[in-house]
Amino acid sequence: MDMLKALMLGAILSATIGLVIGSQGTSAGPLAIHLITLADARFYWSWPVFLSGSSLAWGLLLLQR
C-alpha cells in the first residue's frame, strides 16, 4: 500500500515540476521534461523526477512506520 501512495506522490511531483518548468519552453537538462499528448490532453512529464520522487516518498513512508 505504501508503494501505491508513493507512486501517486511521485506523479503529483512530476506533473507539478513538469508544468512549471516545461511551460517555460525548456527541458531542464537532466530532468528530461517533455510534452505528452494523451487523447486530447497535453501535459508535461519527466520520468527521472517521477522515479526519484516516488522512491523518496516511498522511503519517507517506510520511515513513518
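Taking CG from Leu35 and OH from Tyr44, the interatomic distance works out to 5.0 Å, rounded to the nearest 0.5 Å. A distance of 6.5 Å separates CG of Leu61 from CG of Leu9, quoted to the nearest 0.5 Å. Ile36 contributes atom CD1, which lies 9.5 Å from atom OG of Ser46 (distance to the nearest 0.5 angstrom).
Remark: Arg42 engages no residue in a salt bridge (charged side-chain N to carboxylate O under 4.0 Å, His left out) (not counting sequence neighbours). Residues meeting the side-chain contact (heavy atoms from CB on, under 4.5 Å) test with Leu13, sequence neighbours left out: Ile17, Val49.
Atom CE of Met8 is surrounded by 12 or fewer heavy atoms from other residues, nucleotides or ligands within 6.0 Å.
Hydrophobic clustering (ILVMFWY, side-chain heavy atoms < 4.5 Å, transitive): Leu51 and Leu7 are in one cluster.
In the hydrophobic clustering, where aliphatic and aromatic side chains (Ile, Leu, Val, Met, Phe, Trp, Tyr) are joined below 4.5 Å either directly or transitively, Ile12 stands alone. By the 4.5 Å side-chain criterion applied to Ile, Leu, Val, Met, Phe, Trp and Tyr, Leu4 is assigned to a cluster that also includes Met1.
For residues 47-65, the pairs satisfying side chain to side chain donor-acceptor pair (under 3.5 Å) are Asp2-Arg65, with sequence neighbours left out.
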Side-chain donor-acceptor pairs under 3.5 Å in residues 25-33, sequence neighbours left out?
{"from": "Thr26", "atom 1": "OG1", "to": "Ala28", "atom 2": "N", "distance (Å)": "3.2"}

